[in-house]
Amino acid sequence: MPSSNRFIRLLRHCLMLGRSAARRFPGAVMDRIESRVALSERRHGAEIRIAIETALPPAAILAGQTPRERALEVFGGLRVWDTEANNGILVYVLLADHAVEIVADRGAAARVAPATWDRACRVLAEACRDGREEEGAIAALDLLDEALVDAFPPRSGGADEIPNRPIIV
């Protein structure tokens with residue numbers, strides 16, 4: 001990344017650090033998204049986790065860390081990979097970059113077309129740019145739900161392996 005672009009990105013992230021993801025995703029919105037994840041998971045056997053981050057620390061920006069690289073870190077840190085059927089899916093939102101990344105464990109990645117992940121990311125990223133975070137999250141979950149219902153039959157009596165509540169990291 002050219003140094004001028006890295007500087008602009010650094011400035012954008014530093015300015016965002018004073019803002020809180022909790023303002024854009026207040027408790028009531030988190031509750032509704034959590035309910036929508038739970039509803040989705042009753043229809044299929046996959047596990048979905050949503051992680052929201054306001055901005056990266058300056059050192060990460062200076063090191064050139066991409067939203068995808070950070071999403072992979074969060075995927076591992078939240079143990080989204082730790083499901084019996086390798087069907088964990090992380091939806092990672094980086095507000096400062098208006099970036100959304102989906103990281104799917106190998107079981108989910110093998111059964112869902114990459115175009116589905118890309119479409120869900122675009123829908124949510126566009127909504128976040130427009131200040132419609134809740135609407136975008138629900139629309140992205142709807143897209144994922146369609147694909148996951150076909151890919152993973154519902155579990156009968158299976159335990160919820162990953163928390164449904166979005167997390168601010």
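Atoms considered below: every heavy atom in the structure, side chains included; atoms not considered: hydrogens, waters and symmetry mates. Bear in mind that the values here come from a model prediction, so they are computed numbers and not experimental data.
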Got a donor-acceptor contact below 3.5 angstrom from the R6 side chain to the L62 backbone?
yes
Under 4.5 Å between side-chain heavy atoms, counting indirect links through other Ile/Leu/Val/Met/Phe/Trp/Tyr residues: same cluster for L56 and L10 or not?
yes
Minimum heavy-atom distance T83-N87, with the two atoms named
OG1-N, 2.9 Å
If you round to the nearest 0.5 Å, how far is CG of D31 from CZ of F25?
13.5 Å
Nearest heavy-atom contact between A108 and G88 is CB-O, 4.4 Å
Under 3.5 Å donor-acceptor, E47 side chain and I162 backbone:
yes
Carboxylate-amine/guanidinium proximity below 4.0 Å for R111 and D150
no
So, do E161 and D82 sit near enough that their side-chain heavy atoms are less than 4.5 Å apart?
no
Could you go through M16 and H13, starting from their C-alpha distance and side-chain angles, then the distance that decides it, and tell me whether this counts as side chain to side chain contact (heavy atoms under 4.5 Å, CB included)?
CA-CA 5 Å; M16 285 291 291; H13 280 253; 5.6 Å; no
Counting heavy atoms not belonging to Q65, are there more than 12 under 6.0 Å from its CD?
yes
Show the nearest heavy-atom pair for residues A104 and W117, with the distance to one decimal.
CB-CZ2, 3.6 Å
Could you work out, with side-chain hydrogen bond (donor to acceptor under 3.5 Å, both in side chains) as the rule, every residue matching N86, not counting sequence neighbours?
R106
Okay, side chain of R49, backbone of R165: is any donor-acceptor separation there less than 3.5 Å?
yes
Should I89 and L143 be counted in the same cluster of Ile, Leu, Val, Met, Phe, Trp and Tyr side chains packed under 4.5 Å apart?
no
Taking R12 for its side chain and F7 for its backbone only, find out whether a donor-acceptor pair lies under 3.5 Å.
no
Does some side-chain heavy atom of E101 sit less than 4.5 Å from a side-chain heavy atom of P67?
yes
Working to the nearest 0.5 Å, report the span between CZ of R42 and CG of L39.
5.0 Å
Apply side chain to side chain contact (heavy atoms under 4.5 Å, CB included) to I102 and L144, showing your working.
CA-CA 10 Å; I102 293 179; L144 295 176; 4.0 Å; yes
What's the separation between atom CG in L124 and atom CZ in R119, rounded to the nearest 0.5 Å?
14.5 Å
For S35, check side chain to side chain contact (heavy atoms under 4.5 Å, CB included) against everything at least two apart and list the hits.
none
Measuring from R43:CZ to F152:CZ, what's the distance to the nearest 0.5 Å?
15.0 Å
Applying side-chain hydrogen bond (donor to acceptor under 3.5 Å, both in side chains), name anything that partners E133, two or more places apart in sequence or on another chain.
R24
The reported gap from CD1 in I167 to CD1 in I52 (rounded to nearest 0.5 angstrom) is 9.5 Å
Step by step, would you call Y92 with I50 a side chain to side chain contact (heavy atoms under 4.5 Å, CB included)?
CA-CA 6 Å; Y92 172 76; I50 298 175; over 6 Å; no
Got V37 and E34 here, is their nearest side-chain heavy-atom distance under 4.5 Å?
no
Might you point out which heavy atoms bring A137 and I33 nearest each other, and give the distance in Å?
CB-CD1, 3.7 Å
Is any side-chain heavy atom of L90 less than 4.5 Å from a side-chain heavy atom of W81?
no
Smallest heavy-atom separation, L94 atom then A55 atom, equals CD1-CA, 4.0 Å
pair E53-I168: side-chain heavy atoms closer than 4.5 Å:
no
Verdict with supporting geometry, I48 and L141, side chain to side chain contact (heavy atoms under 4.5 Å, CB included):
CA-CA 9 Å; I48 299 171; L141 285 166; 4.0 Å; yes
Report yes or no: does E126 contribute a side-chain atom to a donor-acceptor pair with the main-chain N or O of V123 at less than 3.5 Å?
no
How long is the gap from CZ on R129 to CG on D97, to the nearest 0.5 Å?
11.0 Å
